[in-house]
Amino acid sequence: MNAEPAANDSTPATAPAQPDLDAMLAAAQAPGATPAVEGQRCGVIAIVGKPNVGKSTLLNALVGQKISITSRKAQTTRHRITGIRTQGATQFIFVDTPGFQTRHATALNKSLNKTVMGAIGDVDLILFVVEAGSFTLADAKVLSLFKPGIPTLLIANKLDNVHRRAEIAPWLRDMQERHPFAEFVPMSAKNKGDIGRLYGICEKYLPEAPWWYAADELTDRSEKFLASETVREKLFRFTGDELPYTSTVIIDKFEEEKSKVHKRMIRIAATIVVERDSHKAMIIGDKGERLKRIGTETRQELEKLMDAKVFLELWVKVRSGWADDEARVRSFGYE
Ligand SMILES: Nc1nc2c(ncn2[C@@H]2O[C@H](COP(=O)(O)OP(=O)(O)OP(=O)(O)O)[C@@H](O)[C@H]2O)c(=O)[nH]1
Ligand SMILES: [Mg+2]
């Protein structure tokens with residue numbers, strides 16, 4: 001139900017409520033003039049760090065649903081992905097970002113870094129994610145991007161991997177010297193208790209402001225986008241180490257069809273683009289086994305996510321050098 005503005009005292013009880021058009025127009029034209037709904041808080045929290053530190057795992061845990069793909073390989077996330085969680089009076093808008101790339105200056109990597117830069121500019125809070133007990137040059141590079149003035153929490157993730165806890169205290173002291181972090185949060189993105197604690201910490205930094213999204217919205221990304229990401233995740237998980245960097249997924253068709261049998265029915269056709277014939281063979285696998293597995297796992301996950309019957313057609317295409325070709329990178333949906 002929508003909240004109605006309180007009736008004006010002087011309005012006779014019998015008069016139908018007339019919308020005040022002038023006031024509505026004025027409000028629509030004045031940016032930021034939306035009156036705060038009393039007690040509501042809302043703000044944007046960017047999740048930033050070098051590749052593979054667990055940013056997307058953290059986003060999914062915070063949102064309470066998988067909306068950003070994860071894998072043990074670097075360069076999994078390639079877009080800015082918003083995840084929303086509304087809890088009590090507070091709406092948290094989390095933004096997952098690609099791992100900041102410091103190794104190769106390909107057109108794709110430049111685009112990934114541009115996405116990171118665009119996401120950290122105008123936010124209320126930054127979660128700077130590192131692996132607990134470690135701080136490398138790649139971490140230092142990310143830290144150097146932050147502008148002063150935006151409160152930043154040091155998220156020391158994967159604490160469950162640290163076997164000598166006594167080493168964390170001196171490491172945290174060392175981190176304190178590196179940057180004026182607002183707070184230090186040693187934690188594990190896979191630990192529910194830690195995630196609960198993190199909400200409480202983040203909430204303090206969010207301003208009083210009306211919510212941007214409906215309370216039940218989880219992401220600003222479309223089902224079509226989630227479909228292409230899910231194919232890419234399965235591709236990452238079922239292939240060797242070389243492939244991920246040089247592959248991408250395009251959705252050729254995403255159509256919802258009427259069905260007498262199913263509540264929803266979605267027909268999807270997707271193309272996996274790779275750089276070499278040898279990669280294509282790798283994806284297809286012996287007698288097409290691997291491609292079949294990628295397809296089955298993708299379909300099952302999408303059916304759950306979209307609560308629909310899904311028909312998925314997968315193709316593999318070779319486009320040599322695409323990741324180094326700026327125009328191609330853009331045409332494949334990257335910034
Ligand atoms: N042990 C442990 N593993 C974790 C934790 N958080 C994430 N991981 C694992 O770390 C790997 C990378 O996780 P992602 O969430 O994909 O990392 P990312 O930082 O988003 O990676 P990019 O998108 O490539 O930059 C996965 O295998 C996760 O399961 C944690 O708290 N503990
Ligand atoms: Mg990620």
Side-chain angles (χ1 to χ4, degrees), residues 44-48 51 55-71 73 75-85 92-99 107-109 111-116 118-119 212-214 216-238 244-257 264-274 294-317 319 322-323 328-335:
V44 181
I45 301 162
I47 304 175
V48 189
K55 299 176 295 298
S56 304
T57 306
L58 181 64
L59 176 91
N60 293 336
L62 286 164
V63 173
Q65 166 139 0
K66 184 172 153 199
I67 51 172
S68 192
I69 63 169
T70 66
S71 86
K73 295 171 188 172
Q75 235 201 45
T76 307
T77 307
R78 291 185 180 169
H79 302 270
R80 175 197 154 103
I81 296 172
T82 298
I84 305 144
R85 176 79 178 234
F92 302 82
I93 301 169
F94 298 105
V95 178
D96 187 17
T97 61
L108 175 62
N109 281 355
S111 135
L112 299 184
N113 287 356
K114 205 171 139 197
T115 303
V116 179
W212 289 11
Y213 297 94
D216 59 354
E217 270 177 274
L218 295 177
T219 181
D220 64 342
R221 289 293 183 168
S222 66
E223 289 186 330
K224 182 177 163 185
F225 175 80
L226 294 175
S228 77
E229 289 287 273
T230 307
V231 176
R232 210 158 55 76
E233 181 184 81
K234 304 311 167 202
L235 183 66
F236 270 43
R237 292 194 176 184
F238 299 135
Y245 303 97
T246 56
S247 56
T248 192
V249 174
I250 309 168
I251 300 291
D252 306 304
K253 181 162 87 179
F254 187 98
E255 285 167 7
E256 185 148 0
E257 290 177 9
R264 293 183 75 196
M265 194 170 95
I266 299 167
R267 214 171 272 280
I268 304 169
T271 303
I272 298 170
V273 180
V274 291
I294 293 170
T296 306
E297 298 252 347
T298 302
R299 182 178 51 73
Q300 287 170 347
E301 188 163 318
L302 290 179
E303 289 191 331
K304 252 198 279 165
L305 189 75
M306 299 172 183
D307 196 12
K309 175 78 192 154
V310 171
F311 291 95
L312 175 66
E313 222 176 273
L314 271 185
W315 302 90
V316 187
K317 210 189 265 179
R319 286 284 172 274
W322 75 266
R328 270 255 155 83
V329 165
R330 224 174 304 122
S331 79
F332 288 166
Y334 297 100
E335 268 191 58

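Below, all heavy atoms of this structure are taken into account, side chains as well, without hydrogens, waters or symmetry copies.
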Review point. Under 4.5 Å between any side-chain heavy atoms of Ile266 and Glu223, yes or no?
Key: yes

Exercise for review: For the residue pair His79 and Tyr334, establish whether any side-chain heavy-atom pair is separated by less than 4.5 Å.
Suggested key: yes

**Study point:** Spacing of Ile81 atom CD1 and Thr219 atom OG1 [to the nearest 0.5 Å]
**Key:** 7.0 Å

**Study point:** Check: Met265 main-chain N/O paired with Glu257 side-chain donor or acceptor under 3.5 Å
**Key:** no

Check your understanding: Is there a donor-acceptor pair closer than 3.5 Å between any side-chain N or O of Ser111 and the backbone N or O of Ala107?
Key -> no

Review point. Once you round to the nearest 0.5 Å, how far does OG1 of Thr271 lie from CZ of Phe332?
Key: 9.5 Å

Exercise for review: Say whether, by atom type as modelled, one donor and one acceptor occur between the side chain of Lys73 and the main chain of Phe236 under 3.5 angstrom.
Suggested key: yes

Check your understanding: Is it true that a side-chain atom of Arg221 and a backbone atom of Ile67 form a donor plus acceptor pair closer than 3.5 Å?
Key -> no

Point to revise | Side-chain donor/acceptor of Arg267 to backbone N/O of Glu313, under 3.5 Å | key: no

Point to revise | Arg85 to Phe92 six-membered ring, cation-pi geometry met (6.0 Å, 45°) | key: no

Practice item. State whether the number of non-hydrogen atoms from other residues, nucleotides or ligands found under 6.0 Å of Lys309 atom NZ is greater than 12. Key: yes

Exercise for review: Ignoring hydrogens and angles, tell me if any N or O in the side chain of Thr77 forms a donor-acceptor pair with the backbone of Thr97 under 3.5 Å.
Suggested key: no

Review point. Would you find a donor on one side and an acceptor on the other, under 3.5 Å apart, between the side chain of Glu233 and the backbone of Thr70?
Key: yes

Check your understanding: Is any NZ, NE, NH1 or NH2 atom of the basic residue among Lys304 and Glu301 found under 4.0 Å from an Asp or Glu carboxylate oxygen of the other?
Key -> no

Point to revise | Rounded distance (nearest 0.5 Å) linking atom OG of Ser68 with atom CG of Leu226 | key: 9.5 Å

Review point. Measuring from Thr76:OG1 to Ile69:CD1, what's the distance to the nearest 0.5 Å?
Key: 6.0 Å

